[in-house]
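Take a look at the structure below.
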Number of protein chains: 2
Amino acid sequence: MAWILQSDRPIYAQLVERLKTEIVSGVYPPGGRLPSVRELAATASVNPNTMQKAFAELERTGLIITMRTSGRIVTEDTAMINETRRELAEEQISQFLTQMNNLGFDRSEIIELLSERKGEDVHE
Amino acid sequence: MAWILQSDRPIYAQLVERLKTEIVSGVYPPGGRLPSVRELAATASVNPNTMQKAFAELERTGLIITMRTSGRIVTEDTAMINETRRELAEEQISQFLTQMNNLGFDRSEIIELLSERKGEDVHE
DNA sequence: ATCATTGTATTAAGTTAATAATACATTGTA
DNA sequence: TACAATGTATTATTAACTTAATACAATGAT
């Protein structure tokens with residue numbers, strides 16, 4: 001997954017969303033070490049300050065923990081991780097249904113559109 | 001539908017999205033007159049300049065047309081309107097599936113979650 | 001012990017968004 | 001004709017975001 005950032009939203013907010021997703025989907029496992037601020041910033045081609053801001057936000061919610069000079073790790077609280085995953089999915093679903101309804105699609109049409117569809121399946 | 005604007009995205013971009021949705025869903029019918037810049041700005045509690053910027057964007061795409069001193073109207077090109085609706089829905093679906101896949105849900109799980117769901121249906 | 005790496009903090013600069021306060025030309029209408 | 005309402009333009013100010021360039025304390029490894 002490449003670090004593609006849109007310009008119509010604050011970068012740090014996009015970093016937060018991306019990192020959250022990577023944590024709850026197991027890219028960074030519970031208790032696992034995260035790359036350093038500088039390293040991730042370089043990978044994502046953003047300023048270290050911006051990545052730091054994103055990390056601070058994740059820290060605030062308890063999803064990651066700082067070990068001062070030895071980097072950061074993902075929480076080992078798998079219940080919290082699962083809950084976060086559930087919340088993120090809930091947000092996606094709710095927003096999606098709302099927007100599709102605003103566009104004039106009802107539930108059965110939406111499900112039909114999704115069922116017909118090819119291509120978005122998980123790769124590798 | 002209230003004018004609820006999030007702070008984590010440029011307001012004018014949210015106005016564009018909302019107005020597009022209202023046009024393609026028939027809130028503002030083809031050839032119909034739109035409220036004035038000042039009026040809509042007041043309704044949405046934003047600065048007239050911000051609403052003007054949103055209108056300018058919609059104008060650029062051809063969805064609305066300016067009649068100088070007598071306001072603006074929605075295009076009568078229903079093909080364009082339908083195409084826009086299709087594009088907006090396509091974006092929603094594509095983004096939704098991508099994000100849900102990133103969260104670790106496959107297609108069948110997604111459809112199941114949507115099918116179980118109550119509440120997002122169109123009201124009135 | 002030394003040193004590279006870690007998180008963290010600070011200061012400065014530049015950009016964009018949003019608001020505010022006006023102003024102007026044009027046109028439909030009273 | 002006079003006037004209100006239209007889109008449009010301008011200038012200024014404020015705030016948020018991002019980048020840049022450093023700097024410092026703490027720690028793990030050599």
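Predicted model, so just to flag it, every value in this text is computed and none were measured. Per chain, numbering begins at 1; letters A, B, ... match sequence-line order.
Across all strands shown, dA17(C) forms a Watson-Crick or G-U wobble pair, both distances under 3.5 Å, with dT14(D).
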Could you tabulate the donor-acceptor pairs under 3.5 Å formed by side-chain atoms of residues 38-51 of chain B, not counting sequence neighbours?
from: Thr43(B); atom 1: OG1; to: Glu39(B); atom 2: O; distance (Å): 3.1
from: Asn47(B); atom 1: OD1; to: Asn49(B); atom 2: N; distance (Å): 2.9

Ignoring hydrogens and angles, write down the donor-acceptor pairs under 3.5 Å from the side chains of residues 57-67 of chain A, residues two or more places apart or on other chains.
from: Glu57(A); atom 1: OE1; to: Arg60(A); atom 2: NE; distance (Å): 3.3
from: Glu57(A); atom 1: OE2; to: Arg60(A); atom 2: NH2; distance (Å): 3.0
from: Glu59(A); atom 1: OE1; to: Thr66(A); atom 2: OG1; distance (Å): 2.6
from: Glu59(A); atom 1: OE1; to: Arg72(A); atom 2: NE; distance (Å): 3.2
from: Glu59(A); atom 1: OE2; to: Thr66(A); atom 2: N; distance (Å): 2.8
from: Glu59(A); atom 1: OE2; to: Thr66(A); atom 2: OG1; distance (Å): 2.6
from: Thr61(A); atom 1: OG1; to: Leu58(A); atom 2: O; distance (Å): 2.9
from: Thr66(A); atom 1: OG1; to: Arg72(A); atom 2: NE; distance (Å): 3.2

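If you take CZ of Arg60(B) and C1' of dG7(D), they are 19 Å apart, rounded to a whole angstrom. The separation between Asn47(A) atom CG and dA16(D) atom P is 19 Å, rounded to whole Å. Atom pair Gln6(B):CD and dA18(C):P shows a separation of 13 Å (rounding to whole Å applied). Ile11(B) places its CD1 atom 5 Å from the P atom of dA18(C), with the value rounded to the nearest Å. In this structure, Met51(B) places its CE atom 16 Å from C1' of dT6(D), rounding to the nearest Å. Per the geometry, CD1 belonging to Ile65(B) stands 15 Å off C1' belonging to dG7(D), to the nearest Å. Distance Lys53(B) NZ to dT19(C) P: 11 Å, rounded to the nearest Å. As a whole-Å value, the separation of Leu5(A) CG from dT19(D) P is 9 Å.
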message = Return a single string for nucleotides 1-12 of chain C, one symbol per nucleotide in 5' to 3' order, where B is base contact, S is sugar-phosphate-only contact and - is none, cutoff 4.0 angstrom on heavy atoms.
response = -----BBB-B--
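OP1 or OP2 of dA17(C) lies within a sub-4.0 Å distance of a side-chain N or O belonging to Tyr12(B).
Residues satisfying the salt bridge (charged side-chain N to carboxylate O under 4.0 Å, His left out) criterion with Glu91(A), sequence neighbours excluded, are absent altogether. Tyr28(B) pairs by the ring-ring contact (aromatic ring centres under 6.0 Å, His included) definition with nothing, not counting sequence neighbours.
We find that Glu87(B) and Lys20(B) are not joined by a salt bridge, their nearest charged nitrogen and carboxylate oxygen being 4.0 Å or further apart.
Sequence neighbours left out, the pairs with a member in residues 52-103 of chain A that pass ring-ring contact (aromatic ring centres under 6.0 Å, His included) are Phe96(A)-Phe96(B).
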